[in-house]
**Student:** 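Below you'll find the structure I mean.
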There are 2 protein chains.
Amino acid sequence: MQLTRQTEYAIRTLIELVRAPEGVMVNSKAIAEKHNLPEKFLNKTIQILARAGLVETRRGMQGGIRLAVSPDSLKIADVLAAIEGKLALNPCLGGDYHCENQYLCPVRKVLQRTQEAILAELSKETFADLAKGEVTCE
Amino acid sequence: MQLTRQTEYAIRTLIELVRAPEGVMVNSKAIAEKHNLPEKFLNKTIQILARAGLVETRRGMQGGIRLAVSPDSLKIADVLAAIEGKLALNPCLGGDYHCENQYLCPVRKVLQRTQEAILAELSKETFADLAKGEVTCE
DNA sequence: TTAAATAAGATATTATTAATCATATTAGTA
DNA sequence: TACTAATATGATTAATAATATCTTATTTAA
């Protein structure tokens, strides 16, 4: 029960983008080097973020990536959803799962509330806030 | 980011034990069959619970397993810790991880709080409460 | 002594995560 | 136009973790 590395890479990348001057394209290779991330894998991660609409990419010289949303509305919960998909602590909390006892099951209720608590915490701070912080853990 | 199946098996098993008459040894094979769980794998799971002190086992005829703690103090958080180890949403929150920026990193702080929220939710209800509920999801 | 039960360790299988490779596409610039 | 710097994409591999099984051992009551 933990974030995937890819989610962490995405979070770090987005903080870099928030810190960059608004609108400028940031070189993905530079981010990979700065944080010592596998370059190709980071590219793949960026593509996922792009498809989710969180960043914009541009190929060719002077290309790169930049934020496609406001740092004031972007939250870690959004990144988690983009990279790992909708949170489901247990299969019975997934969208397409059918269980007859769903509405009675006490365990499911606890997990449901736990999920809500997770998403609430991960939605409290925006990336604008996070980027103000001193540093980001390696 | 989800519970492992093994954790779910453990939760179900413990609810069975809470529901059983106090003190009697419950047959592990019966639990496996009732919930349609892989028997050997469940045995392994039970061993983990036993080493963590949550259940007692007894071999031989009339053997089986039973609760070794009070249902009033047992929580899902305890089961999670027993099966999956101490919760660490990110390596930087693990016990032996060293990061210079630990105390300044804003992301780490968010994850730290999220973890605390998870453990709080998973500690709200006891197994005594859970076992009272109608049914447990398959 | 036998049958019923868990213990334990080795191994196999499967799924997921992580990373890389090769190639294609795009766009600025000389 | 040709070159170079950038991301895009799909295939593939590697590594890790989760899940499950197999085999053999041990325990205990009858």
Side-chain angles (χ1 to χ4, degrees), chain A residues 1-13 16-17 20 24-33 35-68 80 82-85 88-91 94, chain B residues 1-13 16-17 20 24-33 35-68 80 82-85 88-91 94:
Chain A
M1 182 153 169
Q2 52 177 40
L3 302 184
T4 63
R5 265 189 253 177
Q6 195 169 35
T7 300
E8 212 209 313
Y9 296 171
I11 292 171
R12 286 199 222 162
T13 300
E16 285 297 324
L17 296 187
V24 314
M25 286 294 180
V26 179
N27 183 296
S28 71
K29 188 174 178 180
I31 296 176
E33 278 167 3
H35 291 275
N36 200 25
L37 310 180
E39 194 187 328
K40 294 290 176 65
F41 189 52
L42 182 61
N43 281 346
K44 192 159 282 197
T45 306
I46 288 167
Q47 280 173 55
I48 296 173
L49 294 177
R51 290 207 193 98
L54 304 189
V55 303
E56 279 169 13
T57 61
R58 188 170 166 205
R59 302 205 257 198
M61 285 181 85
Q62 319 292 344
I65 60 178
R66 73 178 169 204
L67 221 52
L80 185 70
I83 303 287
E84 303 187 23
L89 285 189
N90 205 46
Chain B
M1 182 152 166
Q2 51 176 41
L3 301 184
T4 63
R5 264 188 256 178
Q6 194 169 37
T7 301
E8 213 209 314
Y9 296 171
I11 292 171
R12 284 200 225 162
T13 299
E16 284 298 324
L17 296 187
V24 314
M25 286 294 179
V26 178
N27 184 296
S28 72
K29 188 173 179 183
I31 295 176
E33 278 168 4
H35 290 275
N36 200 25
L37 311 180
E39 194 187 326
K40 294 292 174 64
F41 189 52
L42 182 61
N43 281 345
K44 193 160 282 194
T45 307
I46 288 168
Q47 280 173 53
I48 296 173
L49 294 178
R51 290 205 195 99
L54 304 190
V55 304
E56 280 169 12
T57 62
R58 187 168 167 206
R59 303 204 257 198
M61 284 182 85
Q62 316 295 342
I65 60 177
R66 72 177 169 204
L67 221 52
L80 185 71
I83 304 288
E84 301 188 24
L89 286 187
N90 205 46

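Every chain is numbered from 1 and lettered A, B, ... according to where its sequence line falls, protein lines coming before strand lines.
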**Student:** Please round to the nearest 0.5 Å and tell me the distance separating atom OG1 of T45(A) and atom OH of Y9(A).
**Tutor:**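 Between atom OG1 of T45(A) and atom OH of Y9(A) there are 8.0 Å.
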
**Student:** Any side-chain N or O of Y9(B) under 4.0 Å from OP1/OP2 of dA18(D)?
**Tutor:**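 No, Y9(B) has no side-chain N/O under 4.0 Å of OP1/OP2 on dA18(D).
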
**Student:** Just call it for E39(A): base, sugar-phosphate, or nothing, with non-hydrogen atoms closer than 4.0 Å on any strand.
**Tutor:**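 Answer is nothing: E39(A) stays at 4.0 Å or more from every strand.
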
**Student:** I need the CG-C1' distance between L42(B) and dT19(D), as an integer number of Å.
**Tutor:**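 Atom-to-atom, L42(B) to dT19(D), this comes out as 13 Å.
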
**Student:** Would you say dT4(D) has OP1 or OP2 under 4.0 Å from some side-chain N or O of R59(A)?
**Tutor:**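 Checking dT4(D) against R59(A), no side-chain N or O comes under 4.0 Å of OP1 or OP2.
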
**Student:** Give the rounded distance in Å between these two atoms: CD of E56(A) and P of dT26(C).
**Tutor:**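 After rounding, the reported distance stands at 17 Å.
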
**Student:** Grab the CG-P distance between N43(B) and dT21(D) for me, whole Å please.
**Tutor:**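 Those two atoms, CG and P, are 12 Å apart.
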
**Student:** Which heavy atom in L42(B) sits nearest to a heavy atom in S28(B), and how many Å separate them?
**Tutor:**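 Closest approach of L42(B) to S28(B), heavy atoms only: CD2-O, 3.9 Å.
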
**Student:** Measure from the side-chain heavy atoms of R58(B) and tell me the nearest of dT28(D), dA27(C), dT17(C).
**Tutor:**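 Of dT28(D), dA27(C), dT17(C), dT28(D) is nearest to the side chain of R58(B).
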
**Student:** Does T4(B) make a side-chain N or O approach to OP1 or OP2 of dA18(D) shorter than 4.0 Å?
**Tutor:**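 No, T4(B) has no side-chain N/O under 4.0 Å of OP1/OP2 on dA18(D).
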
**Student:** Please figure out whether M61(B) or M1(B) has its closest DNA chain C nucleotide nearer the 5' end.
**Tutor:**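 The residue mapped nearer the 5' terminus is M61(B).
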
**Student:** Are OP1 or OP2 of dA15(C) and a side-chain N or O of R5(B) less than 4.0 angstrom apart?
**Tutor:**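 Indeed not, no polar side-chain atom of R5(B) lies that close.
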
**Student:** Working to the nearest 0.5 Å, report the span between CD1 of I46(A) and CG of L17(A).
**Tutor:**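 One finds 7.5 Å between CD1 of I46(A) and CG of L17(A).
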
**Student:** Atom CD1 of I65(A) and atom C1' of dA5(D): how far apart are they, to the nearest Å?
**Tutor:**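 Going from CD1 in I65(A) over to C1' in dA5(D) covers 15 Å.
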
**Student:** Are Q62(A) and dT29(C) close enough that a side-chain N or O sits under 4.0 Å from OP1 or OP2?
**Tutor:**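 Q62(A) to dT29(C) OP1/OP2: side-chain N or O found under 4.0 Å.
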
**Student:** With nearest nucleotides of DNA chain D determined for K40(A) and G60(A) from heavy-atom distances, which residue corresponds to the more 5′ nucleotide?
**Tutor:**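 Checking each residue's closest nucleotide, the 5'-ward one belongs to G60(A).
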
**Student:** Using every non-hydrogen atom in the two residues, find where R58(B) and M25(B) come nearest and quote the distance to one decimal.
**Tutor:**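 The pair with the smallest heavy-atom distance is CB-CE, 3.6 Å.
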
**Student:** What is the distance, rounded to the nearest whole Å, between atom CG of L3(A) and atom P of dT16(C)?
**Tutor:**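 So the two atoms are 18 Å apart, to the nearest Å.
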
**Student:** With a 4.0 Å limit, can you tell me whether N27(A) has a side-chain N or O closer than that to the phosphate oxygens OP1/OP2 of dA5(D)?
**Tutor:**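 For dA5(D), OP1/OP2 do not have a side-chain N/O of N27(A) under 4.0 Å.
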
**Student:** Rounded to whole angstrom units, what separation is found between the CZ atom of F41(B) and the C1' atom of dT6(C)?
**Tutor:**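 Taking CZ of F41(B) and C1' of dT6(C), I get 17 Å after rounding.
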
**Student:** Are OP1 or OP2 of dT7(D) and a side-chain N or O of Q47(A) less than 4.0 angstrom apart?
**Tutor:**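 No, no such contact exists.
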
**Student:** Do the side chains of E8(A) and R12(A) get close enough for a salt bridge, i.e. N-O under 4.0 angstrom?
**Tutor:**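 Salt bridge between E8(A) and R12(A), a charged N being under 4.0 Å from a carboxylate O: yes.
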
**Student:** Separation of I46(B) atom CD1 from dA20(D) atom P, in whole Å?
**Tutor:**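 Checked: the CD1 to P distance equals 14 Å.
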
**Student:** Find the distance between CD1 (I11(A)) and CD (E16(A)) and round it off to the nearest 0.5 Å.
**Tutor:**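 Here the rounded value is 13.5 Å.
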
**Student:** Reckon T57(B) has a side-chain N or O less than 4.0 Å from the OP1 or OP2 of dA7(C)?
**Tutor:**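 The answer is yes; a side-chain N or O of T57(B) sits under 4.0 Å from OP1 or OP2.
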
**Student:** Using the side-chain heavy atoms of P38(B), tell me which of these nucleotides is nearest: dA29(D), dA8(C), dT21(D).
**Tutor:**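 Among the listed nucleotides, the one closest to the side chain of P38(B) is dT21(D).
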
**Student:** Quickly work out the Q2(A) CD to dT16(D) C1' distance and round it to whole Å.
**Tutor:**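 Atom-to-atom, Q2(A) to dT16(D), this comes out as 11 Å.
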
**Student:** What about K44(B), does its side chain sit under 3.5 Å from the base of dT21(D) through a donor-acceptor pair?
**Tutor:**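 Flag set: donor-acceptor pair detected.
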
